[in-house]
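Have a look at the structure below, then the notes.
FYI, the numbering just counts along the sequence from 1.
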Amino acid sequence: MLPVRGRDGRAARAARILGTRTAWTPVGDGEFYCPGCGGDRNYQRLSGRRRLTLLGVPLLPRGATGPVVECAACGHHYGTEVLDHPTTRRFTAMLRDAVHTVALAVLAAGGTSSRTALETAAGTVRAAGFQDCTEDQLTALVEALAADTGRVLGGPCGASLAIELHEALDPLAPHLAPAGRESLFLDAARIALADGPYTPAERDALTTVGAALTICADDVGRLLAAARTPS
């Protein structure tokens, strides 16, 4: 290989003489979803201090850097915002809880007198991960919510259930693709339709679900109509 000449050559020689080095110090650890590995991995949270080097020897401090997140598997560094993404296990739990809360909200709006609606709701909840969920359990939960007048206040969906919907869906929605948000909404709509057309209370409950999933009003209307169409 020919030697590098001219300005580029001088810059390369200067870089070998003068440079910076970062010394990393672990300040925490845990488990995260590594975007490089594409799965759950252990991580170290690192804080760094930079130093000016002369011929590879660290001399003058150049200030702090980081913190960064280092994957224990691939060794790549990421910004700490990567920790905002839930792990696969956490995401699965969040989705399971969201489906359960949505099913309760729809049943609370439409009532539990329909065995078909209860069976549809229980099947949806079981498919999401609550494998032992039964129709009787859902009925008992809805009745307990209805009896707790300090929690269910006003509105077809009930103020407490509206709050619980947002608590369950707000953290989940940013991590769901549009198709995933729509699929969750359609599950709720099919529970409402299991015993016949939407009631006004069910529509209001589903509108709350759509808002919590950040689905716009036009798309909520489209999905409400789509759920009525046999697949």
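Qualifying side-chain contact (heavy atoms from CB on, under 4.5 Å) partners for Pro197, counting only residues two or more places apart in sequence or in other chains: none. Annotation: side chain to side chain donor-acceptor pair (under 3.5 Å) contacts of Glu167 (sequence neighbours excluded): none. By the side chain to side chain donor-acceptor pair (under 3.5 Å) test, Glu135 is found to be paired with no residue, residues two or more places apart in sequence or in another chain being considered. Looking at residues two or more places apart in sequence or on another chain, you find no side chain to side chain donor-acceptor pair (under 3.5 Å) involving Asn42. Applying the side chain to side chain donor-acceptor pair (under 3.5 Å) test to Asp219 and every residue at least two apart in sequence or in another chain returns Arg222. In this structure Asp195 satisfies the salt bridge (Lys or Arg N to Asp or Glu O under 4.0 Å) test with no other residue, sequence neighbours excluded. Residues satisfying the side-chain contact (heavy atoms from CB on, under 4.5 Å) criterion with Arg89, sequence neighbours excluded, are Glu31, Asp40, Thr87.
Evaluation of the ring pair (Phe, Tyr, Trp, His ring centres under 6.0 Å) test over residues 94-127, restricted to residues two or more places apart or in two chains, returns His100-Phe130. The list of ring pair (Phe, Tyr, Trp, His ring centres under 6.0 Å) pairs with a residue in residues 161-180, not counting sequence neighbours, reads His85-His175. Screening residues 190-225 for ring pair (Phe, Tyr, Trp, His ring centres under 6.0 Å) gives no qualifying pairs among residues at least two apart or on separate chains.
Checking side-chain atoms of Gln137 against main-chain N and O of Thr134 turns up a donor-acceptor pair under 3.5 Å.
Gly129 approaches Arg96 most closely through the heavy-atom pair C-CD, 3.9 Å. Taking each heavy atom of Phe32 and Pro35 in turn, the nearest pair found is CE1-CD, 4.3 Å. Closest approach of Ala168 to Thr101, counting heavy atoms only: CB-OG1, 3.9 Å. When all heavy atoms of Val27 and Ser47 are compared, the pair lying nearest together is CG1-CB, 3.9 Å. When every heavy atom of Ala227 is checked against every heavy atom of Leu186, the shortest pair comes out as CB-CD2, 3.9 Å.
If you run side chain to side chain contact (heavy atoms under 4.5 Å, CB included) between Leu165 and each of Asp170, Thr208, Leu213, only Thr208 comes through.
With a 4.5 Å cut-off on side-chain heavy atoms, Leu184 and Val99 count as touching. Between Asp187 and Ile191, the closest side-chain pair of non-hydrogen atoms is not below 4.5 Å. Under the 4.5 Å side-chain criterion, counting only non-hydrogen atoms from C-beta, Leu138 is in contact with Cys133.
In this structure, OG1 in Thr214 is found 10.0 Å from CG in Leu172, a value given to the nearest 0.5 Å. With values rounded to the nearest 0.5 angstrom, Leu104 atom CG is found 8.0 Å from Glu164 atom CD. The structure places CG of Leu107 at 10.0 Å from CG of Leu141, a figure rounded to the nearest 0.5 Å. In this structure, CD in Glu202 is found 11.5 Å from OG1 in Thr207, a value given to the nearest 0.5 Å. Leu223 CG to Arg181 CZ: the interatomic distance, rounded to the nearest 0.5 Å, is 11.0 Å. Between Thr25 atom OG1 and Gln44 atom CD the span is 10.5 Å, to the nearest 0.5 Å.
Residue Arg90 qualifies as open at atom CZ: its count of foreign heavy atoms under 6.0 Å is 12 or below.
Connection of Leu46 to Tyr43 is not established within any shared hydrophobic cluster, with ILVMFWY side chains joined at heavy-atom distances below 4.5 Å, either directly or through further cluster members. A continuous path of Ile, Leu, Val, Met, Phe, Trp and Tyr side chains, each step under 4.5 Å between heavy atoms, connects Leu169 with Leu95, placing both in one hydrophobic cluster.
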Donor-acceptor pairs under 3.5 Å, side chain of residues 110-123 to any protein atom, not counting sequence neighbours: which ones?
residue, atom, partner, partner atom, Å
Ser114, OG, Thr116, N, 3.4
Ser114, OG, Ala117, N, 3.1
Thr120, OG1, Thr116, O, 2.9

Could you pull out all donor-acceptor pairs under 3.5 Å where a side-chain atom in residues 74-84 meets a protein atom, sequence neighbours excluded?
residue, atom, partner, partner atom, Å
His77, NE2, Glu70, OE2, 2.9
Tyr78, OH, Gly36, N, 3.2

